[in-house]
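Below, chain A is the first sequence line, B the second, and so on; all start at residue 1. Fair warning: this is a prediction, and the values are worked out from it, not measured in the lab.
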2 protein chains.
Amino acid sequence: MGEKQEPAVLDAVRDWRRERAAEIVAGFAELVRLENVTGDVPALRCNADEIVARLRARGAEVEAVGPDGIAPLVVGRVPARPGAPRLGLYAHYDGQPVTPADWSTPPFEPTLIGPDGARLPFPGAGEEVDDEWRLHGRAAADDKAPIAALLVALDALTAAGAEREVELLLCLEGEEESGSPHLDELMTAYADRLQAPVWLVCDGPVQPGNAPQVVLGVRGFTDLELTVYGPARELHSGHYGNWAPNPALALARLLASMKDADGRVTIDGFTADTRPPDAAEQAALDALPPVEAGLLDRFGLAAAEVPGSRLADRLMLPSLNVRGLRAADVGTAARNVIPAYATASIDIRLAAGDDPKALTDRVREHVRAQGYLVLDREPTAAERREHQVARIDARVGYPAARAGADLPVVAHLLDLTARAAGRPAITLPTLGGSVPLQHFGQALGAPAVILPIANPDNNQHAADENLRLGNLWYGIDLFALLLTERPAA
Amino acid sequence: MGEKQEPAVLDAVRDWRRERAAEIVAGFAELVRLENVTGDVPALRCNADEIVARLRARGAEVEAVGPDGIAPLVVGRVPARPGAPRLGLYAHYDGQPVTPADWSTPPFEPTLIGPDGARLPFPGAGEEVDDEWRLHGRAAADDKAPIAALLVALDALTAAGAEREVELLLCLEGEEESGSPHLDELMTAYADRLQAPVWLVCDGPVQPGNAPQVVLGVRGFTDLELTVYGPARELHSGHYGNWAPNPALALARLLASMKDADGRVTIDGFTADTRPPDAAEQAALDALPPVEAGLLDRFGLAAAEVPGSRLADRLMLPSLNVRGLRAADVGTAARNVIPAYATASIDIRLAAGDDPKALTDRVREHVRAQGYLVLDREPTAAERREHQVARIDARVGYPAARAGADLPVVAHLLDLTARAAGRPAITLPTLGGSVPLQHFGQALGAPAVILPIANPDNNQHAADENLRLGNLWYGIDLFALLLTERPAA
């Protein structure tokens, strides 16, 4: 029955959303306007309340749960025909921190931008909307896009008179960009409302080139701050430069010792536990379309870190990324000093097999092997007088996760995504990004696969984050299919 | 006559300033309260106006000169008995930029701090003042201390009824911390008012341990900003980390390539022009008391950059100092990105013989030899796509300067400083710091020697800059002697 009915549903959904495109964009913009920097609990509660209200208005039974003092988890269900099969849907409503000075438009003032970079007025009711326009604002892509798409899909199905054939369980998180510190705990506490045979994690971007994709795994994540100490206070670089040790230079030397000119991490044992791709994964990797030339051009790069390397191959290895450096000041604020300390902020992405604690320990061991006393706190005056001191503040993150390519839902999703996008879908063995996929297995005993919505050039985590409207339409159509078409049992 | 009269003058000056210590400290604090961040021309004009007013009130004939739009030069004279010999006195009234968050007390709210670190109320008239108290505030030491000391010395001599036997020519600069961009030009324009046989440059600190000193030379100075470019915008470290090149790591590798683990600058030709110390300089170096153990203890360091090296020996070589690092963010603001660029701010101190342009060129050549296209502007998109790009913004600074140890004024100053301090004075071949000593030779054809006032632990250029009050008394006594005792012809 599904086979016959559903093209009509999809057509009806498409007609409906085309006619109401201006209102849909306006409703999405209102959601993005809500400030949602991760860790800002009062602001995040407002987001959760708004999402709950919008979902309830569309017939969902949802609730914002969790203790005071943290961003709540929105849990619940979108009911369907009695006896309907279930799928779980995860997304997150918190966003990365913002540095407004780096943005072309204020991060929480959603702005429509045309393909030529010009700001556009929001269209009036009934006016045409171009697929290539983008809505700029923090979390427009990462990760309010699927939430907005689901809301519209529910409206469109109601307008089309289509019954829901799949019951969606919802799990919308507010702490993802902080590393999901309470997700396990909350999922465990509310496990009775979250019993689905598989979870669809709607986060991250689709393929470069906007090809739809189903992703079987993610890289794990862990991070640390590495601080090297120099003199107890900044010293005049004239009076003491060349005599007092410079922590900025010492930090540079330490970082340079961690990765060689060939892009290989030189920390002892860094890839010792990494599982190489199996045959099926290698086949999926080999089937991926080449994207590297386009990325180099788009990012203004002369070459990859390892010239000629393929992006997907590099994602199968753990990464060591210097995400920030800080010592004293540069530019007009620079002072002629030997800095008192220098800090590098480092994030590590884990491949299958890697253990987050083990990798952090290996970084610590490496720093120790360079002659440092490694602490996890401020050194005492006595320690500084006795040793070259480094401080490593590490959070132990989470491992990579990988679902089997043989899950029945994978073929179902490849089919739906291809029809929603009107082009073949791609299977990716792992996403570069890290989403807390392992929580589903740990807390709920269910596998998870990733079903991304956002355009690949969404500037996720950076300034000028944006969602291409064509990808919002894709998400709406995909959710309409998901809700009306039963997966194979 | 001077020989007989002057001990009485010094005693009278000391008695007078002890009785009025509270008022002297209050007057000094009012001078430090005036904001004077280098480059802030309106604020610096207020400083110049106040200094001119205070000097005129004490019989000096001074004027703030120079074009609009820059901090003026205060030039003029403190008249003396007809036919009196002349000496020139240079100081500067601008200060380094401030980062208030790093200060224990606001940088322009002068605060008295006791030896135990406690804040003290300003004493009332007639109350005792301890030599070990310090006045905290930007420029308290560098370089309003000698200006304040001169003003008090003039009052004290007037109160003592002592006639001035030496005519002081004054040259007080407002752009020293910006690299003295107009000093040559202004000195040349006002050369007729600045004809002294020798200039005393009152800047920098006395010896570690507070021993009085006369300094024959300074290190030169030049600086540059080195920026390494990565992707055209920050990239998500998950999606592209391990594939896209990371400019923070590339910068670390570049910096690490510039100096080896033995503290030797490895840039080709960096010390090629450096003149080694001559026999007289080496003798002065050898006569210096050891200060290293005390400095290591005070700065909380386990070892010097070159373990066991002597500070004075290291100052005879050009230095390469990483004074700041910046890439994206660290700490709570850190984002999981591959930064778009990374910057190191570098200052270079020159030894005798080094040429500032040549040293800058050698740094540029070194970066080029590591495979970079080196520009002095933002790269174009095409340049980024073709090359690994670095940007070097260099100011060409000034060379080191060195006066002959046989100048008659040197022996005179060693005598006066020893008597003002009550302990033997030290001859230093070069100061570690850079003061624009070469301008006196270039613009006025006169040698210059440095006569510092400030305590060595004054936190010059950094947070919590301070002047030890005992050093203010030293400056007052020294200027009283300078003004009343004729140098040998």
Side-chain angles (χ1 to χ4, degrees), chain A residues 96-97 219 225 231-234 236-246 248-249 252-253 255-256 259 299-302 304-305 309 311 314 317 319 321-330 333-338 342-343 345 347 349 381 384-388 432-434 460-462, chain B residues 96-97 219 225 231-234 236-246 248-249 252-253 255-256 259 299-302 304-305 309 311 314 317 319 321-330 333-338 342-343 345 347 349 381 384-388 432-434 460-462:
Chain A
Q96 278 273 319
R219 296 211 271 185
E225 298 261 320
R233 55 178 175 75
E234 289 180 352
H236 187 291
S237 67
H239 299 314
Y240 303 109
N242 247 22
W243 182 79
N246 182 311
L249 183 69
R253 207 175 282 130
L255 295 173
K259 212 168 184 183
F299 299 155
L301 290 168
E305 187 178 55
S309 61
L311 173 59
R314 295 290 294 167
L317 290 168
S319 74
N321 180 59
V322 182
R323 65 183 172 186
L325 287 178
R326 194 73 26 135
D329 281 295
V330 303
R335 300 178 308 287
N336 298 323
V337 294
I338 301 165
T343 299
S345 191
D347 69 270
R349 304 282 171 168
R384 295 174 78 143
R385 273 194 224 101
E386 291 291 319
H387 305 277
Q388 192 177 19
S434 305
Q460 193 181 347
H461 290 207
Chain B
Q96 280 272 318
R219 295 210 272 185
E225 298 262 317
R233 56 178 174 75
E234 289 180 355
H236 188 290
S237 65
H239 299 313
Y240 303 109
N242 246 22
W243 181 78
N246 182 310
L249 183 69
R253 207 175 280 129
L255 295 174
K259 212 168 182 182
F299 299 155
L301 289 168
E305 185 176 57
S309 61
L311 172 60
R314 296 290 294 167
L317 290 167
S319 75
N321 179 58
V322 182
R323 64 183 173 186
L325 288 178
R326 194 72 28 134
D329 281 297
V330 302
R335 299 179 308 285
N336 298 324
V337 294
I338 301 165
T343 298
S345 190
D347 70 271
R349 304 282 172 166
R384 294 174 79 142
R385 272 194 226 99
E386 291 290 319
H387 306 276
Q388 190 177 21
S434 306
Q460 193 180 347
H461 289 208

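- For chain B, the option among A/Ser345, A/Ala462, A/Ser237, A/Ala232 with the highest count of heavy-atom pairs below 4.5 Å is A/Ser237.
- A/Arg323 and B/Ala328 make their closest contact through O-CB, 3.1 Å (heavy atoms, listed as atom of the first residue, atom of the second, distance).
- No other option in A/Gly300, A/Ala244, A/Ala334 has as many heavy-atom pairs under 4.5 Å with chain B as A/Gly300.
- Here the shortest heavy-atom pairing between B/Ser319 and A/Gly241 reads CB-O, 3.9 Å.
- With a 4.5 Å cut-off on side-chain heavy atoms, A/Tyr240 and B/Arg314 do not count as touching.
- For B/Arg219, the part sitting under 4.5 Å from any heavy atom of chain A is the side chain, from C-beta outward, and nothing else.
- In terms of heavy-atom pairs under 4.5 Å with chain A, the best-connected choice from B/Lys259, B/His239, B/Arg335 is B/His239.
- Annotation: side chain of B/Arg384 is not in contact with side chain of A/Phe299 (no heavy-atom distance under 4.5 Å).
- Counting heavy-atom pairs under 4.5 Å between each of B/Thr343, B/Leu317, B/Leu325 and chain A puts B/Leu325 at the top.
- Note on B/Arg349, B/Gln388, B/Arg326: by heavy-atom pairs under 4.5 Å with chain A, the leading option is B/Arg326.
- Taking each heavy atom of B/Glu386 and A/Ala302 in turn, the nearest pair found is C-CB, 3.6 Å.
- Proximity to chain A involves both the backbone and the side chain of B/Asp329, based on heavy atoms less than 4.5 angstrom apart.
- Contact count versus chain B (heavy atoms, under 4.5 Å) is highest, among A/Ser309, A/Ala333, A/Gly433, for A/Gly433.
- With a 4.5 angstrom heavy-atom cutoff, A/Arg385 touches chain B via backbone and side-chain atoms both.
- Counting only heavy atoms from C-beta outward, the side chains of A/Glu305 and B/Leu249 approach each other to under 4.5 Å.
- The greatest number of non-hydrogen atom pairs below 4.5 Å with chain A, out of B/Ala248, B/Pro245, B/Pro97, B/Ala304, is found for B/Pro245.
- Side-chain contact between A/Val337 and B/Gln460 is absent, with no heavy atoms from C-beta onward closer than 4.5 Å.
- For a residue to count as touching a neighbouring chain, one of its non-hydrogen atoms must lie under 4.5 Å from one of that chain's; by this rule B/Glu225 touches chain A with the side chain only.
- Tested against A/Val322 for a side-chain contact (heavy atoms from CB on, under 4.5 Å), the candidates B/Ile338, B/Val330, B/Asn246 yield a single pass: B/Asn246.
- A/Ala252 and B/Ala256 get closest at one heavy-atom pair: O-CB, 4.1 Å.
- Interface remark: A/Ala381 contributes no atoms to any contact with chain B (heavy atom separation under 4.5 Å).
- For a residue to count as touching a neighbouring chain, one of its non-hydrogen atoms must lie under 4.5 Å from one of that chain's; by this rule A/His387 touches chain B with the backbone only.
- When each of B/Gly324, B/Ala342, B/Ala327 is scored by its heavy-atom pairs under 4.5 Å with chain A, the top score falls to B/Ala327.
- Both the backbone and the side chain of B/Arg253 come within contact range of chain A, judged by heavy atoms closer than 4.5 Å.
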